[in-house]
Trainee: 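Pasting in a structure now, in structure tokens, and then I'll have a few things to ask.
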Amino acid sequence: MLDMKLLREDIDRVKKGVSARGVEIDFDNFVFLDKKRRLLIKEVEQLENKRNTGSKELGKLKQEGKEDQPVKIQLELKTISEEIKKLNENRTRVETELRDFALTIPNIPHRSVPYGNGEDNNVEIKRSGEIADLDFEPLDHVELGKSLGILDLDRAAKITGARFSLYTGAGARLERSLINLMLDLHTEHHGYTETLPPFMANRESFIATGNLPKFEDDLFKIEGLEYYLVPTAEVPVTNIHRDEILAEQELPVKYAAYTPCFRKEAGSYGKDARGIIRQHQFNKVELVKLSHPEESYEELESLLEDSASVLELLELPYRIVTLCTADLGFSSAKTYDIEVWVTSERKYREISSCSNYEDFQSRRANIRFRPKGGGKPRFVHTLNGSGLAVGRTVVGILENYQQSDGSVIIPKALIPYMGGIERIEKSESR
RNA sequence: GGAGGGGUGGCCGAGUGGACGAAGGCGCCGGUCUCGAAAACCGGUAGGGCUCUUACGGGCUCUCGUGGGUUCAAAUCCCACCCCCUCCGCCA
């Protein structure tokens with residue numbers, strides 16, 4: 001959520017930021033309601049003041065035992081109280097409406113974000129790793145997974161449905177090894193605290209991160225409860241410190257968390273229908289930071305490095321792009337995507353998204369810190385990035401490390417996690 | 001699922017109708033003392049909203065889990081909901 005003060009005092013900046021995203025929002029009603037709100041507050045508080053002082057005097061009179069005057073005053077005060085109640089109902093209505101509106105306004109892009117009206121305007125800032133020069137026709141991860149007997153999408157569809165996956169044998173081991181490697185890397189070398197949060201979260205938590213109220217259609221909701229399956233660990237982990245005031249010395253707070261992620265992928269029918277690129281359930285290791293506002297953009301750069309280091313370690317070719325204004329997520333002020341090379345498609349595909357939300361989420365979540373010398377609490381900046389999406393990492397490994405005989409070599413760094421397995425070879429399919 | 005207890009400031013904890021935004025302690029900040037620090041002592045220290053002010057800061061108002069109700073007046077009484085704890089039952 002944006003700062004109400006900003007909306008009031010510099011609405012042009014908000015309008016500019018929103019339109020850079022290619023979003024149309026009508027602010028006229030907001031301006032009107034905001035004025036109305038302040039008028040109502042003034043009115044209510046004047047009456048409250050009258051009631052409070054009167055009430056105090058009345059209390060004194062009663063204690064002094066003067067019973068005759070009080071009755072009249074009492075009646076007067078009662079009338080005031082009733083009026084206050086009526087006005088307050090109005091005020092609540094207006095304030096709710098204002099908040100509901102404010103919750104649907106996206107974040108303002110950071111000034112360093114390139115302007116653009118679509119994916120094509122994203123700016124590549126780095127390319128890394130060697131793309132293998134194959135002297136054979138590469139298979140895609142589905143064919144590889146099937147022939148190696150490690151990925152069974154047909155049976156997953158039987159068990160649950162489309163867009164679910166079933167790993168077996170070395171495939172399941174691969175997925176688990178990657179999770180372990182990522183968590184170890186980030187906790188032991190990058191200073192993140194490992195967390196294992198709930199895989200469902202309540203409505204408030206989702207509002208705090210900006211997933212609700214706007215994106216309900218993307219979430220799996222638990223029937224009969226106001227709980228939703230998490231679409232990313234960002235939701236539960238960012239909410240760890242909701243409604244808390246941290247000490248400045250604690251910043252930055254850094255968490256790494258593994259969770260499965262559940263997404264309806266509404267509106268993406270037919271998109272990436274093949275393979276495990278786009279699933280209703282996938283595993284992800286997520287990095288979350290709560291940062292000092294003045295340091296959040298440095299923190300974003302180091303987050304990006306932490307994230308990319310997984311691909312470095314696995315020796316997978318990747319590139320980094322800065323998302324343009326139109327491609328930015330709702331809550332984000334700036335986002336870098338890391339994309340891994342997918343051999344069969346001959347293109348890079350998103351495997352991590354690293355964002356600075358500034359105080360957009362922390363204002364919703366009410367996460368603050370107290371400045372060192374004392375003084376008013378300030379909102380932290382929140383950041384997060386995948387470190388990495390595990391299923392897509394498997395795609396990257398299978399496709400980039402495939403050999404002409406159909407086997408797949410395991411990246412060196414991963415071998416210890418694979419119990420010494422150096423290569424996945426064809427086996428009898430069941 | 002059954003029975004009981006409880007949710008108060010950054011934290012712990014007292015407070016059963018008016019002078020309570022709230023004792024006391026811890027923590028934090030400032031000061032005295034010290035070469036310096038610790039200890040001791042003295043003082044300060046909740047958050048939100050509206051508003052005034054160039055600023056320093058001030059005024060009003062709301063907030064004691066959340067939402068309603070009673071009352072001139074609610075942390076305190078009543079109702080509903082949420083959450084936590086203890087015991088019993090069931091269970092990975």
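A note on names: the letters A, B, ... follow the listed sequences, proteins ahead of strands, and every chain is numbered from 1. Computed from heavy atoms alone, side chains included, the values below leave out hydrogens, waters and symmetry copies.
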Trainee: With sequence neighbours left out, write down each residue that passes side-chain hydrogen bond (donor to acceptor under 3.5 Å, both in side chains) with A:R378, or none if nothing qualifies.
Mentor: A:E294

Trainee: Could you tabulate the donor-acceptor pairs under 3.5 Å formed by side-chain atoms of residues 278-285 of chain A, not counting sequence neighbours?
Mentor:
unit_1	atom_1	unit_2	atom_2	d
A:R278	NE	A:D272	OD2	3.0
A:R278	NH1	A:E265	OE1	3.2
A:R278	NH2	A:D272	OD2	2.9
A:Q279	OE1	A:S165	N	3.3
A:Q279	OE1	A:S165	OG	3.3
A:Q279	NE2	A:G275	O	3.3
A:H280	ND1	A:R263	O	2.8
A:H280	ND1	A:K264	O	3.3
A:N283	OD1	A:Y258	OH	2.7
A:N283	ND2	A:E175	OE2	2.7
A:K284	NZ	A:T232	OG1	2.8
A:K284	NZ	A:E286	OE1	2.6

Trainee: For A:E194, give me all partners under side-chain hydrogen bond (donor to acceptor under 3.5 Å, both in side chains), at least two apart in sequence or on another chain.
Mentor: none

Trainee: Under 3.5 Å, which donor-acceptor pairs do the side chains of residues 361-374 of chain A form with other protein atoms, sequence neighbours left out?
Mentor:
unit_1	atom_1	unit_2	atom_2	d
A:Q361	OE1	A:T382	OG1	2.7
A:Q361	NE2	A:T209	O	2.9
A:Q361	NE2	A:E234	OE2	2.8
A:S362	OG	A:D359	O	3.3
A:S362	OG	A:V380	O	2.6
A:R363	NH1	A:M1	O	3.1
A:R363	NH2	A:D359	OD2	3.0
A:R364	NH1	A:I207	O	2.7
A:R364	NH1	A:L212	O	3.2
A:R364	NH2	A:L103	O	2.4
A:N366	OD1	A:R368	NE	3.2
A:N366	ND2	A:D243	OD1	3.2
A:R370	NH1	A:G375	O	3.4

Trainee: Establish, with yes or no, whether the OP1 or OP2 oxygen of B:U71 is under 4.0 angstrom from a side-chain nitrogen or oxygen of A:S81.
Mentor: no

Trainee: What residues form a salt bridge (charged side-chain N to carboxylate O under 4.0 Å, His left out) with A:R242, not counting sequence neighbours?
Mentor: A:E204

Trainee: Please give the nucleotide sitting opposite B:G43 as a Watson-Crick or G-U wobble pair, both distances under 3.5 Å, or none.
Mentor: B:C29

Trainee: Please tell me which of A:Q249 and A:K85 maps to the more 5' nucleotide of RNA chain B, matching each residue to the nucleotide holding its nearest heavy atom.
Mentor: A:Q249

Trainee: May I ask you to check whether over 12 heavy atoms, not counting those of A:R423, lie within 6.0 Å of atom CZ?
Mentor: yes

Trainee: Check nucleotides 19-22 of chain B against the protein and report each pair of N or O atoms closer than 3.5 Å, with its distance, or say if there are none.
Mentor:
unit_1	atom_1	unit_2	atom_2	d
B:A19	N6	A:Q63	OE1	2.2
B:A19	N6	A:Q63	NE2	2.8
B:A19	N1	A:Q63	OE1	3.4

Trainee: Should B:C60 form a Watson-Crick or G-U wobble pair with both distances under 3.5 Å, which nucleotide is its partner?
Mentor: B:G49

Trainee: Treating primed atoms plus P, OP1 and OP2 as sugar-phosphate and everything else as base, which nucleotides of nucleotides 48-61 of chain B get B, S or - for protein heavy atoms under 4.0 Å?
Mentor: SBSS--------BS

Trainee: Anything under 3.5 Å between a donor and an acceptor, one on a side chain of residues 35-44 of chain A, the other on a protein residue two or more places apart or in another chain? List them.
Mentor:
unit_1	atom_1	unit_2	atom_2	d
A:R37	NE	A:E95	OE2	2.9
A:R38	NH2	A:D34	OD2	3.0

Trainee: Find the partner of B:U54: check Watson-Crick (N1-N3 plus N6-O4 or O6-N4) and G-U wobble (N1-O2, O6-N3) distances, both under 3.5 Å, and reply none if neither fits.
Mentor: none

Trainee: Applying a 3.5 Å limit to both distances, which nucleotide forms a Watson-Crick or G-U wobble pair with B:G36?
Mentor: none

Trainee: Mind checking whether A:L174 and A:Y167 have side chains closer than 4.5 Å, heavy atoms only?
Mentor: no

Trainee: Please give the distance between the P atoms of B:G44 and B:G6 as a whole number of Å.
Mentor: 34 Å

Trainee: Could you work out, with side-chain contact (heavy atoms from CB on, under 4.5 Å) as the rule, every residue matching A:L313, not counting sequence neighbours?
Mentor: A:L181, A:L185, A:A413

Trainee: Between A:L77 and A:T92, which residue's closest nucleotide on RNA chain B lies nearer the 5′ terminus?
Mentor: A:T92

